[in-house]
Every structure is written in structure tokens, then in C-alpha cells.
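All remarks here apply to the structure that follows.
Labels below follow one simple rule: chain letters A, B, ... track the order of the sequence lines, proteins then strands, and each chain is numbered from 1.
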Amino acid sequence: MSSSPDYFGEDTAIFANKELLQVSHLPDGDQIIGREEELKNLGSALRPALNGNTPSNVFLYGKTGTGKSLCSKFISRQMMQRAADNGIRAGFAYVDCLQDSTETQAVQSAGHQLNDPDQTEITIPQSGLSTAAYYKRLWDIIENHYDVAIIILDEVDKLESDHILMQLSRAVESGKLEDSKLGVIGISNKIRYKDDLNERIKSSLCERDYVFPPYDANQLREILYSRDDAFVDDVLDQPVIPHVAALAAQEHGDARQAIDILRYAGEIAEEHGDETVREEHVSLAQEKEEQNRIAELISKAPTHTRYVLLALAFRVQQSTDSAPEIPNKDVYETYQHICEQENSDPLKQRRVRDLLNELEFLGIIKQDRRGRGRGKGGYTVNHLVDEPELVLRACKEDPSPT
DNA sequence: CCTCCACAGGAATTTGCGGGGT
DNA sequence: ACCCCGCAAATTCCTGTGGAGG
């Protein structure tokens with residue numbers, strides 16, 4: 001950090017309650033903006049659970065940051081409390097399928113969240129069990145300790161197999177669960193996801209589906225204003241919130257992004273020792289948000305994926321072209337150099353191709369097929385979506401925790 | 001228009017890990 | 001203590017492919 005002798009800094013002149021700007025912050029009911037309709041729909045789908053009956057399964061669609069996860073967690077929590085008032089044991093598990101993308105991991109995660117080892121005397125190890133064994137423990141937990149359970153599958157489209165959907169939807173009829181009820185909330189970014197599912201799953205899991213539209217600039221503004229208690233009174237320049245809202249609305253109507261940018265703007269003002277948050281902080285904040293998004297994506301990725309991305313970023317940076325296209329082979333060469341520096345055995349080309357495909361899937365890079373010819377063969381070229389400097393900084397940032 | 005080559009990517013196989021059962 | 005299993009990551013092996021050069 002800096003050479004300041006006071007490591008805690010001055011009493012912050014900017015933030016009064018920063019927690020309000022955490023994305024994970026779950027607001028009280030009247031603070032969810034612009035999603036009244038959606039909450040009402042979800043509520044009616046889960047209503048049967050309040051009396052220990054089977055809730056409807058729901059599918060939610062919408063882009064990131066449109067409040068899908070927020071609303072489903074919020075409504076599930078309310079359901080738990082209301083059910084408890086009725087003497088019903090209810091619980092829910094929130095599974096992020098982006099992190100837990102295999103069937104086993106997803107089942108493990110759900111079981112882990114619903115499990116209370118002190119009470120159930122069942123343990124859910126991180127790994128090592130067969131998929132079937134994880135299922136068995138999950139059913140045991142639900143059957144013995146809950147009357148109703150809700151499993152929220154966020155980003156279901158990232159699941160590699162839809163087998164788990166089949167299992168969950170059939171849990172009751174196949175006799176896995178006898179007394180307890182199970183509801184599933186599926187969340188997807190892709191509107192078309194449902195079309196790819198087979199009829200069985202579709203009919204049982206998609207009893208209801210709702211689309212979450214992006215927030216418009218007005219709603220984003222309201223959302224930001226609803227959280228402006230996070231700041232000390234009067235430190236926000238009047239145009240800041242509208243500006244952030246407009247930026248985010250322009251991109252994807254993503255509330256998470258808007259909140260992040262606002263928070264960063266505050267942090268940047270704080271670091272500069274400024275007394276107010278001004279528009280000039282906002283553009284810096286936008287850049288930082290971009291960098292952090294990448295850092296977060298790659299922090300979940302294995303070391304070599306990061307090397308591959310680094311290799312591409314280096315090539316792009318060195319290129320004089322304004323829109324550089326780097327062939328896979330060149331990326332691989334640079335990647336080998338990086339591995340040498342890092343004292344780590346390079347993966348084979350085949351694997352690196354797969355890693356590049358994964359990076360494209362994460363939306364960090366774009367790929368294109370390029371011309372072939374006699375004696376040349378065909379090849380794939382890679383572009384960075386963001387600025388190479390941002391990527392490089394993001395890669396360096398986290399020295400891998402876990 | 002046909003050919004031909006270097007690369008793409010599917011499939012099969014191996015390796016490594018974490019944790020059961022006996 | 002031992003062996004064994006299932007999974008994911010990595011590797012090996014292989015076939016398919018598009019379009020510039022002939």
C-alpha cells in the first residue's frame with residue numbers, strides 16, 4: 001500500500017454504508033426495482049410450498065444483471081420464512097452452473113448447501129464420490145430433513161449435461177423422494193435454451209417460464225438511487241448516477257454492471273482524496289469494471305488458460321494492426337515461451353485449441369476461421385474483445401487464491 | 001475445376017486425483 | 001493398508017475440410 005502511516009486512512013468521506021453496493025446485497029422487498037411483475041409470478045409459482053405442497057417448476061430467461069438470480073433468491077428466502085411460520089421445513093440451494101458445470105459438481109453443491117452436518121450426520125465431500133452417490137446423499141438429506149426444497153440452477157445452459165434436470169424433475173415420480181417435495185428454478189441467459197431440451201424435461205420443468213427484460217435507463221437510475229445511502233450525503237455529484245445509468249443501459253441494461261461502476265467511482269474518488277464523486281471518476285470506473293470482469297472470469301480458470309490468454313494479449317499488444325488477428329499457431333508459440341518463463345510444462349497444441357475455445361465461450365475472445373490454400377491449410381484467428389492492457393493487468397492481478 | 005495440405009476438432013485413451021470399500 | 005472406482009484434464013490418434021495455386 002502507500003507510505004501513509006495511518007493504514008486505515010481517514011474516516012471515509014465518501015462511503016457511509018458500502019455494503020449496499022455489494023452485488024450480493026439482498027434488498028428488502030420494496031427495494032427491488034422494476035421487477036414487481038416478476039416477483040408476483042415467482043411468488044405464485046412457489047405458493048404451494050408454503051403449505052408443504054409441490055411448487056411449480058419455473059424457468060427464467062434474461063440477460064445477465066436483469067435480476068433473475070436476485071429475485072429467485074429473494075423469493076426463495078421469503079418462502080422459507082413464511083413456510084417456517086406454518087411449521088413447514090423448507091430450504092433452498094443456489095447452484096451456479098457456471099462454476100459447477102458438471103452434473104456431479106452441481107449435485108454436490110446442492111447437497112452441500114442443503115446439508116447441515118451437525119444435524120444430518122451426512123457428509124458431502126468436495127469430490128471423490130460417484131455421481132450416483134452424490135444423488136443418494138442429496139435425496140437422503142431432503143427426504144429426512146426437509147418438507148420442501150427448492151433448487152435454483154443459475155445459468156443452466158452452462159451445464160454440460162441435462163441429465164441432472166431429468167433427475168430432479170423425476171425425483172418424486174421415480175420414488176427417490178416420497179414425503180418431501182422438490183421445486184426447480186432454472187435460470188438461463190439464452191432464450192432458446194428451452195428448445196434444445198427434450199420433451200420430457202420441457203413438460204415437467206418448464207411448467208411456467210418468465211422473461212426478465214433488461215433494465216432501461218430509468219430503472220437503472222432508480223436502482224442506483226435506491227442504494228445511494230451507501231454514500232455520505234451530498235458527495236455524489238448530481239449527474240453521476242444518471243451518467244452511470246446511461247452507460248449501463250447503453251451496454252446491456254445490466255444492473256450488476258451499473259452498481260459495480262458506481263462503487264468503483266466512489267472508490268476511485270476516495271483513493272484520489274477527492275471530496276465528491278464526479279463524472280470524471282465514472283469513466284475511470286467503467287474501465288476498472290471491465291478489467292475486473294475479466295479478472296473474475298479467469299480467476300476461476302486453470303493456470304494454463306490464463307497463460308494462453310496472456311499469450312494472446314501479448315501478441316495483440318505487439319501487433320501494429322488496429323484489429324489484430326492472431327492465428328492459433330502464433331498464440332501457441334508465445335504460450336510456450338510463457339510456460340518456459342513460468343517453469344511449467346506446456347500443454348499440447350490440441351489442448352490449447354480447446355482452451356481457446358473455452359475462452360471464446362466465456363466471451364473474452366472472438367474467433368474466426370481464415371482462408372486456406374495449397375500448402376497452407378486452414379486456421380483460426382483470435383481477437384481480444386477488450387483492450388490488451390486491461391487483459392494483461394487482469395491476468396497479473398490475482399496470484400490464484402482458492 | 002481439381003488438388004492438396006495444414007490445421008480443426010471428434011473420438012479413444014491415458015493420467016492424476018480424491019475418496020470409497022474391505 | 002490395500003485396491004479399486006469415477007471423474008476431469010490432458011494426450012494421442014485420427015479424419016474432415018476449405019480455398020489458393022495449379
A/Q367 has an atom CD; how far is it from atom P of B/dC7, in whole Å? 15 Å
Spacing between A/Q108 atom CD and B/dC17 atom C1', to the nearest angstrom: 15 Å
Hey, can you tell me if A/Y307 and A/H304 have their rings parallel, tilted or perpendicular (30° and 60° cut-offs)? perpendicular
salt_bridge(A/E325, A/R370) N-O dist < 4.0 Å: yes
List in chain and number order the residues that pass side-chain contact (heavy atoms from CB on, under 4.5 Å) with A/D233, two or more places apart in sequence or in another chain; answer none if no residue qualifies. none
Looking at A/F231 versus A/F15, is the centre-to-centre ring distance below 6.0 Å? yes
Of all of residues 344-355 of chain A, which get a heavy atom below 4.0 angstrom from DNA chain B, listed by number? A/R350, A/R353
Salt bridge check: are A/R256 and A/D260 linked by an N-O gap of less than 4.0 Å? no
Should A/P213 and A/E38 count as side-chain neighbours, where that means a heavy-atom distance under 4.5 Å? yes
How close or far is atom P of C/dG6 from atom OH of A/Y134, stated in whole angstroms? 14 Å
Is the phosphate of B/dA6 approached by A/K329 (side-chain N or O, under 4.0 Å from OP1 or OP2)? no
Working for side chain to side chain contact (heavy atoms under 4.5 Å, CB included), residues A/M79 and A/L50: CA-CA 6 Å; A/M79 181 278 292; A/L50 296 178; 4.2 Å; yes
Salt bridge or not for A/R263 and A/E267, using N-O below 4.0 Å? yes
Encoded 5' to 3' (Watson-Crick or G-U under 3.5 Å; [ ] crossing; | other strand), DNA chain C becomes ||||||||||||||||||||||
Check the distance between B/dA8's C1' and A/D368's CG and give it to me in whole angstrom. 14 Å
Short N-O contact, A/D330 and A/R315, less than 4.0 angstrom: yes
Euclidean distance, atom CZ of residue A/R370 to atom P of C/dA20 [Å, nearest integer]: 12 Å
Does A/N328 have a side-chain nitrogen or oxygen under 4.0 Å from the phosphate oxygens OP1 or OP2 of B/dA8? yes
Once you round it to whole Å, what is the distance between C1' of B/dA6 and OH of A/Y379? 12 Å
Write down the distance between CD (A/Q105) and C1' (C/dA9), rounded to a whole number of angstrom. 12 Å
